[in-house]
Amino acid sequence: MAELSKTYDPRTVEPKWYQRWIDNHDFEADANSKKKPFSIVMPPPNITGVLTLGHVLNNSIQDILARRARMQGFEVLWLPGMDHAGIGTQTAVEKWLRKNEGITRHDLGREKFLERVLEWQDKHGGIIIQQLKRLGCSCDWSRQRYTMDESYARAVLEVFVDLYKNGLIYRGRRMINWDPAAQTALSDEEVVNKPQRGNLYYVRYEIVDQPGKFLEVATTRPETIMADTGVAVHPKDKRYAKLVGKSVWRPMPREKIPVVADEAIDPEFGTGILKVTPAHDKLDFEIGQRHKMAVIDVLTPDGKINCPAVPELHGLDRFEGRKRAAELLEARGLLAKAEPYENHVGFSDRSDVPIEPRLSEQWFLKYPKTKEALAVVKKHLIHFFPRHWEKVYEQWIKNIQDWCISRQVWWGHRIPAWYRRSQKSEVRGRKSEIYVGIKPPKGPGNWIQDNDTLDTWFSSWLWAYETMDRKTRKKFYPTSVLVTGPDIIFFWVARMIFAGLEFKPGKTTKTEDNIPFHDVFFTSIIRDKQGRKMSKSLGNSPDPLDLIDKYGADGLRFGLMRIAPSGQDIRFDEKQIEEGRNFATKLWNVARFRQMHGPTQLTPEELECFKHSSSKERPSNTGQRAELECNKHSSFGELSIYAIEVLARLNETIDAVEKGYRDYEFNTIAQRLYDFIWSDYCDWYVEAAKTEIFSADESKKKSALAVMDYVLSAIVRLLHPFMPHITEELWSLLGLGSGSIQFASLPVRAGLALNKDTANKRQLVAAIYETVQAGRNLRAQARVPSNQKAKFALRSKERELAREQETIARLLNASELIIDPNFQAGAGTPIATTVLGEILLIVDVDLSTERERLDKEIAKVEAELRTVEGKLSNKSFVDRAPKDVVELNRQRQKSFSEQLKKLKEAREKL
RNA sequence: GCGCGGUUAGCUCAGUGGUAGAGCACUACCUUGACACGGUAGGGGUCAGAGGUUCGAAACCUCUACCGCGCACCA
């Protein structure tokens with residue numbers, strides 16, 4: 001066994017183990033394995049992406065689940081990969097080209113540009129994969145996939161063709177969300193609403209029949225007046241009833257437009273009159289359709305005014321145009337007023353510019369299997385964690401609209417639609433012949449492929465199964481769990497469910513074989529200390545690599561997991577990561593302490609000696625299995641009461657951890673492990689066991705060390721999914737098992753007999769620990785420095801106490817501990833009462849100080865006693881509360897009154 | 001407008017019917033045979049507010065206030 005160095009150095013230990021795991025192919029899944037499958041597909045990060053804290057959280061959770069499953073004996077597949085991120089990558093490469101070469105994609109042309117994207121991707125893409133490796137992710141890298149892999153891309157196109165043939169994909173000229181910066185259509189989900197300050201302009205439209213009389217129309221967008229092809233009022237609005245069917249003059253360019261009545265108008269808003277601009281507003285478009293209005297487009301694709309009839313505005317940017325339009329109207333006396341106004345405007349999620357509703361020819365998908373997709377979640381064939389996301393999902397599905405899937409970018413899966421020019425028609429024009437298929441049809445004519453590519457999410461929605469080959473799919477699909485952020489519940493989670501149900505990649509056609517995953521765990525969203533979302537532009541996102549450098553990957557992982565509540569936002573504070581690092585150091589040091597006292601003597605068999613013969617078997621509450629079993633192995637000897645206590649707590653921890661995994665409550669698991677290791681094991685058990693460890697009695701020493709080994713072995717295994725590197729290092733250095741900890745079985749409950757004897761011993765330990773704390777408190781209050789040994793006395797009738805004298809003295813740092821039920825102390829000796837009896841600190845203190853202290857203590861106990869007695873004198877409480885609660889209160893009453901008696905006696909002597 | 005969360009110590013958060021908790025920060029003592037990235041002890045809370053259910057409410061119900069998120073509307 002190698003020595004443990006004085007300090008733990010994650011920077012050398014972590015990469016060392018990761019490399020070894022890779023070299024051993026430990027993460028590679030075997031599709032032929034007989035073991036039960038456990039599988040996760042990684043939400044593919046963008047090829048342009050770099051690791052953020054969000055990724056760290058997300059992937060740590062996946063790694064934890066994968067590693068735990070491996071220890072449970074599953075055949076584990078954690079399938080990693082990347083997303084080509086159409087718009088995002090194209091934008092990144094364009095930016096790079098502009099900066100480095102001063103050229104645009106149009107300078108290069110489609111083919112050349114795509115070559116440059118691939119070049120760029122090889123050079124700068126996929127950094128995140130290396131970063132995930134540094135985090136310790138146990139992905140099967142041999143199966144790493146990419147949404148642009150040839151076979152994957154082919155599958156995407158095939159799906160398109162199929163859906164087209166089934167009539168679910170269609171091409172149509174409709175209002176879509178146009179991103180003037182990226183110059184592409186977007187789906188509804190890619191538009192986010194933001195409040196915007198602006199003005200509400202009241203524009204005067206002259207009534208044709210009644211020259212000199214005007215209608216006032218409120219609008220936030222005067223720059224679109226030139227595209228007005230009507231005004232509308234509510235049919236029941238009496239103010240304007242007479243005008244319906246007549247015409248007004250559009251202010252600029254001056255032209256007659258009709259007044260129509262339409263239910264969609266809110267009479268309460270503004271003046272109750274809406275200017276109808278079918279080309280630039282979704283609602284207006286619908287009104288326009290109903291009343292057969294013309295559609296005039298006055299904006300260019302990049303958001304500039306296109307209206308030669310009003311030369312003052314023509315060519316201006318849309319926002320500049322808005323200002324100028326208002327000025328023009330004002331100059332012509334057609335602006336009644338303008339008032340400040342705040343409304344919500346849709347912004348492009350990616351470009352962060354206001355989107356422009358635009359009439360455009362695009363490809364749409366009518367979502368398949370929406371009802372079924374809702375049903376599988378509502379019937380819990382798919383479980384959402386936390387559950388409240390079900391409602392969000394339901395609400396979205398119920399209001400679902402067709403999905404605009406075509407994008408006017410070059411980088412992506414090019415739409416497999418082909419057009420043949422017929423005479424005098426444009427490629428995209430209506431008269432051209434269309435063919436949908438992966439390859440252009442043979443035969444005469446020049447078939448030209450559609451210029452558009454598919455929404456990136458149209459490829460991601462196949463991710464759960466298209467990443468797997470046939471054999472892998474047979475073994476590992478449906479996947480066990482999906483771990484992802486709630487922000488992509490619509491983008492990705494819902495659509496993957498649709499895809500699974502529609503394309504049926506499973507073993508059979510049964511629904512349960514085709515859902516993409518059984519569980520979905522939605523992670524928290526990480527915010528900064530002020531509660532703001534982490535973002536590049538705010539610069540409030542710490543680089544996880546720096547954090548790994550400072551605190552180790554294990555420290556980062558553990559620190560983050562301990563504070564990550566399920567389904568709520570996390571406020572990130574580096575302090576929390578520091579705690580993770582400190583915890584790793586604590587673990588390291590307690591292991592080092594163990595190792596200083598010689599090598600592990602326990603055989604693997606002995607390490608499992610408490611294990612039940614069958615995991616199904618419940619701990620017996622009659623027998624004394626643990627002791628019997630352990631007595632077979634000399635190393636354990638007779639367990640000390642402290643050993644029994646720590647083993648019992650270990651059992652409780654194992655149970656809590658198991659429940660935590662069932663509920664996906666990672667913070668609970670982390671916290672329980674933290675508390676058990678730091679407090680129960682290090683602070684109490686190890687300190688108490690030092691008596692035996694430093695004892696001359698070899699059998700006692702051996703027993704204590706054996707228990708330490710047993711617990712340490714359980715600890716590192718429980719902790720391994722969270723902190724893979726340090727636990728592997730300790731597993732190996734302490735010689736706790738042969739082979740890698742990754743495939744060691746998880747610890748099971750120690751078979752402690754749950755009998756009266758154990759209960760009594762545990763009670764005694766609790767009493768001792770309480771007494772120790774009371775004694776330390778006396779020491780602190782009497783201002784005896786903690787490095788100075790002090791003399792204590794314990795008045796107790798407890799019979800078993802004598803054999804614990806040395807340990808109690810050690811825990812108190814006592815020079816001497818007198819155990820005597822009749823011990824007489826001088827006046828003014830500080831005294832405290834516990835369930836064991838009274839503890840006294842033999843030291844002279846000022847009488848008045850001690851009086852004061854006792855008075856306070858008495859007051860405290862009196863208050864407690866009053867509360868308890870109040871309860872017990874309440875007949876309803878005694879009759880109706882559960883028995884154990886009443887009993888507990890009775891005990892407390894007894895204990896408090898005894899304490900009070902003792903304290904008062906001591907007080908009277910002063 | 002509809003829906004979903006949240007409000008507990010100075011800070012970050014646990015706690016879902018029975019003695020209000022942790023970490024950090026703070027105060028005091030301590031480099032004692034693993035650990036100062038540490039140990040010991042301590043101070044600090046009308047559990048957002050009001051009402052209700054209950055023997056008993058931080059927890060369950062109703063309402064209110066404030067914060068956050070999603071969806072819809074937004075001329």
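By convention in this document, chain letters (A, B, ...) are assigned in the order of the sequence lines, proteins followed by strands, and residues within each chain are numbered from 1.
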Checking only heavy atoms, does the side chain of [X] share a donor-acceptor pair with the base of [N] at less than 3.5 Å?
X	N	result
Glu687(A)	A34(B)	yes
Ser876(A)	G56(B)	no
Lys586(A)	C35(B)	yes

To the nearest Å, how far apart are [X] [atom1] and [N] [atom2]?
X	N	atom1	atom2	value
Tyr674(A)	A22(B)	OH	P	12 Å
Arg221(A)	C74(B)	CZ	P	14 Å
Asp680(A)	A22(B)	CG	P	14 Å
Phe384(A)	G3(B)	CZ	P	20 Å
Glu574(A)	A25(B)	CD	P	14 Å
Lys789(A)	G33(B)	NZ	C1'	10 Å
Ile715(A)	A34(B)	CD1	P	18 Å
Phe792(A)	U40(B)	CZ	P	15 Å

Whichever of Gln781(A) and Val878(A) has its nearest RNA chain B nucleotide further upstream toward 5': Gln781(A)
Upstream residue (5' side of RNA chain B) when Lys275(A) and Glu189(A) are each assigned their closest nucleotide: Glu189(A)
So, is [X] close to the [N] phosphate, meaning a side-chain N or O under 4.0 Å from OP1 or OP2?
X	N	value
Trp678(A)	G23(B)	no
Arg783(A)	A28(B)	no
Gln773(A)	A41(B)	yes
Asn777(A)	G42(B)	yes
Asn582(A)	G38(B)	yes
Arg776(A)	A41(B)	yes

Glu852(A), CD: over 12 other non-hydrogen atoms inside 6.0 angstrom: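 It does not: Glu852(A) CD has 12 such atoms or fewer within range.
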Heavy atoms from other residues, nucleotides or ligands near CZ of Arg290(A) exceed 12 (cutoff 6.0 Å):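 Count over threshold, so yes.
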Using a 3.5 Å distance criterion without hydrogens, assess whether the side chain of [X] forms a donor-acceptor pair with backbone atoms of [Y].
X	Y	answer
Asp237(A)	Val233(A)	no
Ser873(A)	Gly870(A)	yes
Asn399(A)	Gln395(A)	yes
Glu342(A)	Pro195(A)	no
Arg239(A)	Pro267(A)	yes

Straight-line distance of Lys659(A) NZ to Glu665(A) CD, nearest 0.5 Å: 6.0 Å
Pick the [atom1] atom in [N] and in [M], then give their distance to the nearest Å.
N	M	atom1	value
A48(B)	U19(B)	C1'	25 Å
A59(B)	C73(B)	C1'	37 Å
C13(B)	U7(B)	C1'	12 Å
G10(B)	G5(B)	C1'	25 Å
G23(B)	A9(B)	P	16 Å
A50(B)	A57(B)	C1'	15 Å
A22(B)	C63(B)	P	35 Å
G44(B)	C26(B)	C1'	9 Å

Please give the nucleotide sitting opposite [N] as a Watson-Crick or G-U wobble pair, both distances under 3.5 Å, or none.
N	result
C2(B)	G70(B)
G23(B)	C11(B)
A50(B)	U62(B)

Scan [X] against the nucleic acid and name what it touches under 4.0 Å (heavy atoms): base, sugar-phosphate only, or nothing.
X	answer
Tyr341(A)	sugar-phosphate
Ile265(A)	base
Arg810(A)	base
Gln395(A)	base
Asp266(A)	base
Lys690(A)	base

Selection: residues 882-897 of chain A, any non-hydrogen atom under 4.0 Å of RNA chain B: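 Residues of residues 882-897 of chain A under 4.0 Å from RNA chain B: Pro882(A), Val885(A), Arg892(A).
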For RNA chain B, the residues among residues 193-201 of chain A that have a non-hydrogen atom under 4.0 Å from it: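 Close to the strand are Asn193(A), Leu200(A).
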Candidates [options] - which lies nearest the side chain of [X]:
X	options	answer
Pro785(A)	C73(B), C29(B), A41(B)	C29(B)
Ala881(A)	C55(B), A25(B), G5(B)	C55(B)
Phe694(A)	C24(B), G33(B), G3(B)	G33(B)
Ser786(A)	G3(B), C55(B), C29(B)	C29(B)
Arg592(A)	C35(B), U31(B), C4(B)	C35(B)

Partner residues of Phe384(A) under the ring pair (Phe, Tyr, Trp, His ring centres under 6.0 Å) criterion, sequence neighbours left out: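 By the ring pair (Phe, Tyr, Trp, His ring centres under 6.0 Å) rule, Phe384(A) matches Tyr393(A), Phe522(A).
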Lys/Arg-Asp/Glu bridge criterion (N-O < 4.0 Å) met for Arg810(A), Glu687(A):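 So Arg810(A) does not pair with Glu687(A) through a salt bridge.
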Ring centroids of Trp396(A) and G70(B) base under 5.5 Å with planes under 30°: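 Given the distance and angle limits, no, they do not stack.
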Thr277(A) and Lys275(A): side chain donor to acceptor below 3.5 Å: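 Yes, because at least one side-chain N or O of Thr277(A) sits under 3.5 Å from a partner of the opposite role on Lys275(A).
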Polar contact flag, side-chain donor to acceptor under 3.5 angstrom, Tyr202(A)-Glu339(A): yes
Chi angles and distances behind the side-chain contact (heavy atoms from CB on, under 4.5 Å) call for Leu335(A), Tyr201(A): CA-CA 7 Å; Leu335(A) 185 66; Tyr201(A) 301 93; 3.9 Å; yes
Stepwise side-chain hydrogen bond (donor to acceptor under 3.5 Å, both in side chains) check, Tyr367(A) with Arg495(A): CA-CA 9 Å; Tyr367(A) 283 107; Arg495(A) 288 168 180 166; 3.1 Å; yes
